[in-house]
Each structure stands twice: as structure tokens, then as C-alpha cells.
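Here is the structure we will look at.
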Amino acid sequence: MGLLRDEFLKSIWHAFTALDVDQSGKVSKSQLKVLSHNLCTVMKVPHDPVALEEHFKDDDEGPVSNQGYMPYLNRFILDKVRDNFDILEFNNVCWTLCFKKNINMSHLLISNDDAFKVWCIFNFLSEDRYPLVIITEEIEYFLRKLMEAMGGIWNQERFDDYKLMLNRKQQCLSAWELIELVGMGHFSKGMNRQTLSMGISEVFQELILDVLRQGYMMKKGHKRKNWTERWFVLGPNSMSYYVSEDLTDKKGDILLDRNCCVESLPDKEGKKCLFIVKCSDKSFEISASDKKRKQEWIQAIQTCIQLLRLGLPSPHREARLRRRELRQKQQAEQGELEERMRLLQIANENKHRQLESMTKKLEEAVATATLEEQRRKQTQTDLQDRYRTDLEREKMVRQQMEEQVAQKSSELEQYLQRVRELEDMYHRLEDALEDERQARQDEETMRKLQTRLLEEESAKRAELEQIHLQQQRAISQTQAEKQELESDRLAKEMALQAAMLQLESLERERHGALEQYEEVRMKLEQAANKTKSWKDMVAKHEGLVRLIQPGDKGPQRMTNWGPAAFTDTELDLRKKSWQERKNHNQSAQ
């Protein structure tokens, strides 16, 4: 009765809403008395007017809300309902109370009886929430059933246009909008009124009256054993037969239960396409018009018996539950997908913000490097002025200057090696443009290398300042040797100018590396737009693209500007290699 109670409440909701003239959600007690009396009469429940007065004793004059009437309705009417009343009569009473106030039948192609049947179908297919509405999926299901019953062809394109128009508004219909949609014949063009009425009746019998199958067949009598044509109507738990299809003269019922069975019989007594329905008290022999209808009837009866054995509702109610469960599942999946898309979008925005932040930091580093370069030039100018007055210290620091120049040469070689590694990395990036994920990792690596180059350049500038300071101290200490070291000073200035030229060359190379980095970044953005599936490209280029692995995590030298570009071990190896090359060159000379 749980499912039936929900359907009863839908019909009663229509009647209550019709009594709510000012749409305030409340109905006067006198109107509720009439409604309750009609419901008790049609549902064959004893009416207790005293209980209604007792239930609303604190609200004698004012209107009563739907929430206040619901406990009384459940306790004194619906809880007492049994299966001994006519559900169609109950629906007809609720329909009579509400239809005149909600729809004008004069311009519709259907009769009042057809509109009532569409209203019942709406209550069956509508969602279990108030106010009652029917969603587009159930509208399509009903209209497909209607077109099939009328023998028409379903026009999916027309319904899609209507669905698009409906989605722009409220994406659902009320009962009266559904009746108007069917009555206007929007989806039944080319059909006459009689065909439309017959189609509505067939769908009504199938969905509301649970008529699984109906048609004429021959039945053998139990007493006189004669064969008579009857109109059979198969329901979930019975198979009724009538004199004709107008259902006015009912001749009997074949009650189905879990112990019944249906079997095919061979042809006999001049009758073909025979089958028998065996019940606990008697059996019924029936003859169909052809083999196809015989098999369809046998299968339909077997389906009813199987549902009774499993304790399941009628196929249409079961299908309705499955459709609702499927919609709920799809909505849950859609919500989960939207949440995942939202999280992905947030992650993407965070990545963009991080990239913008890193770009901004890089620009700030470039600006800082430019400022340091200006300071270095100013310092160089000051040092040149001091050279003219403090040349005496030049002799004391000559050896230190040679060592520092050698160190600068080694650092220059290291920088050139870095440049070659950077060029090699550019080539690998160009080969791996199709792999978007790997390309982004390479871009991150190149950004780190660029930062390291800036740090090394800053370190070199600081070392040059240190050299200048040492030169200043050396010049201030040796005033006596000023004249004889004039020639040495000029040589040192030339060496210093050569070192400045090398630094300017390094600056140009750094700017060239920045331009190459921007070109590679643009190529990476173009590659990201053209990439279809990074997984396929990784599989395609597997073994061809070698990832740039992170370096050794051993201890690093620390400078005033942060971690050095080389560890102590790497620096010792490079010094040893440079010394060997120097010795080799000297021996060759």
C-alpha cells in the first residue's frame, strides 16, 4: 500500500489545491469536511466528523493548512483504506473537484474522459515531490507510448525541438500543461480525434489499469464444453474475460497466483493454437487466433505468474522505479563529474597563478641583475679613478689576480658548458613537443637552470667586486712602486677590459638564452593546443625521449646568493681538469 498511498496523495493534492482559491496553502475547515466526507465515501472508510472537529479544535474559524490536514488524512482515512474500493471512482472524484478550475476543454481535441485519463497518467508518471510535475524523460516515455498505441511514427526531431524549448523555461510540465499538450495535437498531427482517444485509452489501460494484454480469443466452457469467443483482459493477478471489448458484460475471472502455470496444447477438436491455464481449483483451455498471438499470451501470463512468485509489482511500476533510480544515478554521476571538473579547474587556475608568480619572480630577478650591472659599472669607474693614485698595491696582489683570472677562465668554461647543455636541452625539447606533460617538466627544468645562471652571474659580479676591492687595498699599500708598475697597470687594465668584454659576452649569451627560452615556451603552448592525447604520445615516444633527471642531492657550497651551481666534489674535479689542461699546454709550448 506504500506505493498506492503515494498515488492517492497525488490525487488528493490536486483536490486540495483546487480548494485553495487564493493560493495561500490553506483551506477552510468547512471545505475540508466536504472533501473528507467524499474521500471516506468513495474509499469505503467510515467517516468520523467528530475526529475532524477534535483534530482542528483550536482553529474553529480560520483556514487550515495542508500540513495540518495531512496528519488527519493519514490517521483517519488512508490508514483505514483497504482494497475493496474502486480506484477509478476515487480518481474521478478528485478530478471533478479540480479540473474545471484549471483547464478549459473547449479548444482541445480530446474529450473530458480522455483528459481525465491523461490526468491519471500524469499522477502515475510524475515525481514524488510537490508541487507535482512531470519531467522531460517521462513526457517522452508517455508520448512514445501514445504514438505506438495510435500506430503512428515517433518524430524524435520534433520532440527534441520541443524539449529544447521546454528546457529554456522550467524543464517540466504540470498536469494541466500535459493535458493541453496532448489535447492540442502537437505530436499527433494527421490523427483524427477517434484515433487519439483510442490511443489515450490504450495507454491508460496499460499504465493505470495494469492491463498487460487484451484481445479476443476462444474459451472452452466447463459445463457444456462449447467454444465461445471472449474478450480477455490480462492484469497483474487475474485474467478477466468479457462478452465484448466494451467491458460491460463480465463473464468471469481467472485468478492467478504463484501456483498457477500455463502450457501449450496440441491442436484438437478442430481448434488450433491452444494453450491451457492451470489454477489450483480449475483449468481453462483457450484458443488464440494464430501462433504468434498464442506465444505472446503464454509469455505474458508466465510473466505475471513469475512476478507473483517473486512478490514484485507490475512491470510498468517496476519500470518506473528503474527509470527513477537510473535518473538518480545519472544525477549523482553528473554531480560528481561537475565536482571533479570544478576541482580540475581550480587546480588549473592554481597552476596558472604559480606560473605567473614564477614569471614575475624571473622578471624581478632580471631587473635586479640589471641594477647590479649598473652598480658594477659605477664601481668599475670608481676603481679606475683609484688605480691612478693607488698603483703601489698592484705588485702585492699580482699573483692573486693571476689566480683569479685563471678561476674566471675556469668559470667561463663552465658557463660555456652550461650553454651547450642548455642548447642540447633545447633540441630535446623540440623533439618532445608532442608530449605535453614531458614538455612542461622540461620547461620547469629550464626555468630552474635559468635561475641558476642568474645566480652564477651574480656570484661572478660579486667576485669581480671583491677583486676590485683587493686591487684597491693593494694599490693603497704600495705607493713607492707606482712609477715602475705603470706599465704593469696598463697590462692589468687591458686584462680587466678583456674580462669586461667576456662579461658582456656572457650577458649577451644570457639574453640570447632568455630569447630562446621564450621561443621554446611559445612552442610549448602551441604544442599543448595541438596535443590530442598525452597518454598516446607518451606511449609513441617511449624510449625516444629521455627525461632530464634531477642532479645529485649531495651537499652544496653556499654563497651569499644561495646554493652554488656545483658541489665541492664537482668543483675539485673541474679544478683538477683545468690544471691538467694548463700543464699540458705549457709542456706543449
Side-chain angles (χ1 to χ4, degrees), residues 348 351-352 354-366 369-370 408-460 501-554 556 562-567 569-571 573-574 577-578 581:
N348 190 22
K351 291 292 184 182
H352 280 293
Q354 292 177 2
L355 182 60
E356 291 176 357
S357 176
M358 295 181 69
T359 305
K360 185 177 180 181
K361 290 180 179 179
L362 181 61
E363 293 175 353
E364 291 176 353
V366 172
T370 304
K408 288 295 181 180
S409 299
S410 176
E411 291 176 354
L412 179 59
E413 291 177 359
Q414 295 173 4
Y415 180 79
L416 292 176
Q417 181 64 25
R418 290 288 180 181
V419 171
R420 287 192 293 271
E421 292 177 358
L422 185 61
E423 291 175 352
D424 182 63
M425 183 179 64
Y426 288 159
H427 292 304
R428 287 198 296 265
L429 286 173
E430 290 176 356
D431 295 335
L433 282 177
E434 295 300 328
D435 188 352
E436 181 180 4
R437 182 178 62 83
Q438 186 63 39
R440 292 187 183 276
Q441 293 179 356
D442 293 342
E443 180 186 6
E444 183 68 20
T445 303
M446 190 165 59
R447 189 180 295 110
K448 292 179 180 179
L449 288 175
Q450 185 68 30
T451 304
R452 184 181 299 174
L453 288 174
L454 292 174
E455 293 175 353
E456 291 177 1
E457 184 179 352
S458 300
K460 292 174 184 178
L501 291 175
Q502 291 178 355
L503 285 176
E504 290 175 356
S505 176
L506 289 175
E507 180 69 17
R508 288 193 298 273
E509 290 175 356
R510 184 179 65 80
H511 284 294
L514 282 176
E515 293 175 356
Q516 292 177 357
Y517 166 73
E518 290 296 328
E519 292 177 359
V520 171
R521 188 174 67 84
M522 292 299 294
K523 291 180 180 179
L524 286 176
E525 292 177 354
Q526 295 175 0
N529 295 329
K530 296 179 181 179
T531 300
K532 297 181 179 178
S533 172
W534 63 269
K535 292 183 180 180
D536 294 339
M537 300 310 299
V538 168
K540 181 178 179 181
H541 293 281
E542 184 176 7
L544 298 179
V545 179
R546 178 173 63 84
L547 299 178
I548 298 176
Q549 301 297 331
D552 186 13
K553 298 300 182 179
Q556 293 180 329
F566 306 100
T567 61
T569 304
E570 292 175 343
L571 186 59
L573 291 174
R574 290 179 180 273
S577 176
W578 175 82
R581 288 197 303 269

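These values consider heavy atoms only, across backbone and side chains, with no hydrogens, waters or symmetry-generated copies. FYI, the numbering just counts along the sequence from 1.
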Side chain to side chain contact (heavy atoms under 4.5 Å, CB included) between M522 and E518, intermediate numbers included: CA-CA 6 Å; M522 292 299 294; E518 290 296 328; 5.5 Å; no
Verdict with supporting geometry, E421 and L449, side chain to side chain contact (heavy atoms under 4.5 Å, CB included): CA-CA 10 Å; E421 292 177 358; L449 288 175; 5.8 Å; no
Working for side chain to side chain contact (heavy atoms under 4.5 Å, CB included), residues L453 and V419: CA-CA 9 Å; L453 288 174; V419 171; 6.0 Å; no
Presence of salt bridge, R420 and D424, under 4.0 angstrom: no
Close side-chain approach of K408 and K460, heavy atoms under 4.5 Å: yes
Atom pair CG/CG of L412 and L503 - distance to nearest 0.5 Å: 9.0 Å
Check: K361 and T451 side chains under 4.5 Å, non-hydrogen atoms: no
Short side-chain to backbone donor-acceptor contact, S505 and L501, under 3.5 Å: no
Non-neighbouring partners of E515 that pass salt bridge (charged side-chain N to carboxylate O under 4.0 Å, His left out), sequence neighbours left out: none
Residues E413, R418: salt bridge by 4.0 Å N-O rule: no
Residues forming a salt bridge (charged side-chain N to carboxylate O under 4.0 Å, His left out) with E519, sequence neighbours excluded: none
Minimum side-chain heavy-atom gap L355-R447 below 4.5 Å: yes
Donor + acceptor pair across side chains of S577, R581 (<3.5 Å): yes
Side chain to side chain contact (heavy atoms under 4.5 Å, CB included) between M358 and E444, worked out: CA-CA 10 Å; M358 295 181 69; E444 183 68 20; 3.3 Å; yes
Polar side chain donor-acceptor pair, H427 to E423, under 3.5 angstrom: no
